[in-house]
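In what follows, chains are A, B, ... by sequence order, proteins preceding strands, each numbered from 1. All figures in this text were calculated on a predicted structure; none of them were measured in a lab.
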Amino acid sequence: MAKLQAIRGMNDILPGQSLTWQYLESCFHRVVQRYGYQEIRFPVLEQTQLFKRSIGEVTDIVEKEMYSFDDRNGDNLSMRPEGTAGCVRAADQHGLLYNQQQRLWYAGPMFRHERPQKGRYRQFHQFGVEAFGMAGPDIDVELLQLAAQLWQELDIAEFLTLEINNIGSAADRKAYGAELTAFLESRKENLDEDASKRMYSNPMRVLDSKNPQVQEALEGAPELAAFVSQESIEHYAMLRAMLTELGIAFRENARLVRGLDYYNNCVYEWTTDTLGAQGAVCGGGRYDGLVAQLGGKPTLAAGFAIGVERLVLMLDSLEKVPAEALHPVDIYVLSVGKVAPSLGLQVAAELRQKYPQLGIVSHCGGGKYNSQIKKAFNSGASLAVVLEAGQDGDNAAVDVKIRRLGDSDESRDVALTDLTTQIAEFL
RNA sequence: GUGACUGUAGCUCAGCUGGUAGAGCCCCGGACUGUGACUCCGGUUGUCGUGGGUUCGAGCCCCAUCAGUCACCCCA
């Protein structure tokens, strides 16, 4: 029978990698906790409608990347392609948003049916942070400060660049879109099929066309900047000033347009050139219209999401995971000769009680000294405890040795009763 | 969704113009040593990604399919 394998683009995270993930997760937890953000958890499945109404009907994500299906009741459901929509739905459904401020975070798997490549997978993971009820730009800057802090803790700040842009309010973009549609209608005969369709559904996306003929037709098209409201301009100017005052470097990128429709005013991406084509590690911005769009009371909002796989790739290739985070075993207890069968387990238990923060493995399965000490080395432990006896079941006659592993061959004979205290000198 | 390249042992890979599948590492046992060494001896492992086709004969050629990698696109 043919072996079954994982679905394309969906990865197993094996023991060799999971330590890196844990390191990253603990770092993230530490930082959001220090900023006073609280965790929210929401389902992987939602009604398809939620994503259509938030992300936008004519975005790539909704048009061709969602895992959607009819469940047994005939409801059309989708696996979440991102976190913000579900977060907003959950927070609003439970009354967390009305007349309140919230600082929330989440983490978990997201699903998009794209062609996999480096840093892009069909099941991928995000850390997300969302803030509700604050006008900014102070909260926007706080979010960026939080991200910058995370890069510092991970020691990868020098490899990331913050790019920012102002895409104006929803009203600004609506006015601009109308103008752009009118302009495109005047050049109708020079547009390709794709552009002709989008000029009505989502005219701004025509600007991204790779077709040279379309690009030519865009000559002299109106520019978004001319439509951005004074209020939005001021918000953006303040944001830049605050970033400068806080020493958070950034680069303005007028072509930075996010692929999700709900963003407004300031949007940003942290990018790196260490990952190849998928250089965006973190992306976000304001989305003041989304809550109302989903049926809630108008609520100011901003947030970002981080791609965990991309961060893991960065940490690996830059070798930024501390060695101690990669060694789950500290002490390896082995028994040779005629040691009572339960002694190893008992000694390990005592060590665990005294040093609960350490990882302690008791060798199981027998074997000669050489094979056991070899397993001790291979476990990555820094110390081995060797129990050896010539006499059956006589614990008093057991020789106990603490042996430093790694490059050193330092060792010390100790009494069984002194082991847990003596070993402190080796830690 | 499009394109390019790639699929041979647990891992890394070799395998000539088509002629009965190999190496290293790892792992296990043993000798030696008696604190993972070295050396030596011995041992396990493959439907050559899958399914068709061409051929007397296919790991190698052809088609399809699945998967991986990278890029386009898009994004985290």
Side-chain angles (χ1 to χ4, degrees), chain A residues 1-11 14 16 24 55-56 58-66 80-84 106-129 147 160 163 194 205 208-211 256-260 263 267-272 275-285 303-314 332 334 336-337 363 365-381 383-388 399 401-413:
Chain A
M1 187 156 70
K3 274 191 190 170
L4 296 171
Q5 48 188 342
I7 292 169
R8 179 169 212 192
M10 304 207 179
N11 298 314
L14 304 176
L24 187 52
I55 296 165
V58 288
T59 56
D60 279 7
I61 292 175
V62 168
E63 274 181 342
K64 50 194 187 196
E65 294 175 4
M66 281 210 293
R80 59 186 187 193
E82 57 104 45
T84 300
Y106 60 83
M110 308 294 164
F111 303 85
R112 292 182 200 172
H113 191 106
E114 297 179 88
R115 189 79 165 251
Q117 72 183 78
K118 186 177 186 179
R120 191 176 74 181
Y121 309 101
R122 290 184 174 180
Q123 173 175 335
F124 62 103
H125 296 76
Q126 288 186 335
F127 290 140
V129 175
L160 289 165
E163 297 187 22
D194 200 39
R205 293 202 56 207
D208 302 331
S209 171
K210 286 287 187 281
N211 186 332
L256 177 63
V257 184
R258 319 239 61 240
L260 295 78
Y263 286 109
V267 296
Y268 44 84
E269 268 177 23
W270 294 87
T271 61
T272 180
L275 287 180
Q278 305 302 322
V281 163
C282 170
F304 66 75
I306 292 171
V308 180
E309 280 81 356
R310 291 180 186 180
L311 231 34
V312 167
L313 284 169
M314 273 187 87
Y332 196 98
L334 47 121
V336 287
H363 178 86
K368 298 194 308 183
Y369 179 88
N370 270 351
S371 88
Q372 289 195 42
I373 195 75
K374 191 170 180 181
K375 286 195 167 69
F377 273 96
N378 289 343
S379 76
L383 295 177
V385 170
V386 181
L387 308 171
E388 188 162 12
D399 292 326
K401 189 174 292 186
I402 300 167
R403 158 83 143 94
R404 196 181 293 286
L405 302 171
D407 295 334
S408 164
D409 60 356
E410 178 190 357
S411 71
R412 181 189 298 179
D413 294 310

Closest to the A:E65 side chain, choosing from B:rA76, B:rC74, B:rC72: B:rC74
Dot-bracket line, read 5' to 3' along RNA chain B, where crossing pairs take [ ] and | marks a partner on another strand, Watson-Crick or G-U under 3.5 Å: (((((((..((((.....[..)))).(((((.......))))).....(((((..]....))))))))))))....
Every protein N/O within reach of nucleotides 30-35 of chain B N/O, cut-off under 3.5 Å:
unit_1 : atom_1 : unit_2 : atom_2 : d
B:rU35 : O2'    : A:R403 : NH2    : 2.7
B:rU35 : O2     : A:Y369 : OH     : 2.6
B:rU35 : O2     : A:R403 : NE     : 2.8
B:rU35 : O4     : A:K401 : NZ     : 2.0

A:R310 side chain to A:A280 backbone, donor-acceptor under 3.5 Å: yes
Under 3.5 Å donor-acceptor pair, A:R120 side-chain atoms to B:rC70 base atoms: no
P-based separation of B:rC62 from B:rG24 [nearest Å]: 32 Å
A:K374 vs B:rC27: side-chain N/O to OP1/OP2 distance below 4.0 Å: yes
Sugar-phosphate, base or nothing in reach of A:L405, heavy atoms under 4.0 Å: nothing
Atom pairs under 3.5 Å: protein N/O with N/O of nucleotides 10-13 of chain B:
none

Touch class at under 4.0 angstrom, heavy-atom based, for A:K118 against every strand present: sugar-phosphate
C1' spacing across the pair B:rU44 / B:rG29, given as an integer number of angstrom: 11 Å
Interatomic distance where CZ belongs to A:R122 and P belongs to B:rA67 [whole Å]: 8 Å
Between C1' of B:rG68 and CE of A:M10, the distance in whole Å: 16 Å
P gap between B:rG59 and B:rA76, integer Å: 47 Å
Phosphate OP1/OP2 of B:rG68: any A:R8 side-chain N/O under 4.0 Å: yes
P gap between B:rG49 and B:rU6, integer Å: 13 Å
Out of B:rC27, B:rA71, B:rA76, whichever nucleotide has its closest atom nearest the side chain of A:N378: B:rC27
Side-chain donor/acceptor of A:Q123 to backbone N/O of A:G9, under 3.5 Å: no
Residue pairs fulfilling salt bridge (Lys or Arg N to Asp or Glu O under 4.0 Å) with at least one residue in residues 109-119 of chain A, sequence neighbours excluded: A:E114-A:R120
Sugar-phosphate only, base, or nothing, as touched by A:Y332 at under 4.0 Å among non-hydrogen atoms: nothing
Under 3.5 Å donor-acceptor pair, A:Q278 side-chain atoms to B:rA71 base atoms: no
Set of salt bridge (charged side-chain N to carboxylate O under 4.0 Å, His left out) partners for A:R8, sequence neighbours left out: none
Residue-phosphate contact under 4.0 Å: A:Q5 side-chain N/O, B:rA67 OP1/OP2: no
Sugar-phosphate, base or nothing in reach of A:G276, heavy atoms under 4.0 Å: sugar-phosphate
B:rG22 to B:rC60 separation - C1' atoms, rounded to the nearest Å: 15 Å
Salt bridge (charged side-chain N to carboxylate O under 4.0 Å, His left out) involving A:E63 - partner list, sequence neighbours excluded: none
Sugar-phosphate only, base, or nothing, as touched by A:G9 at under 4.0 Å among non-hydrogen atoms: sugar-phosphate
Side-chain heavy atoms of A:T84 within contact of A:F304, under 4.5 Å: no
5'-most by nearest nucleotide on RNA chain B - A:F377 or A:R115: A:R115
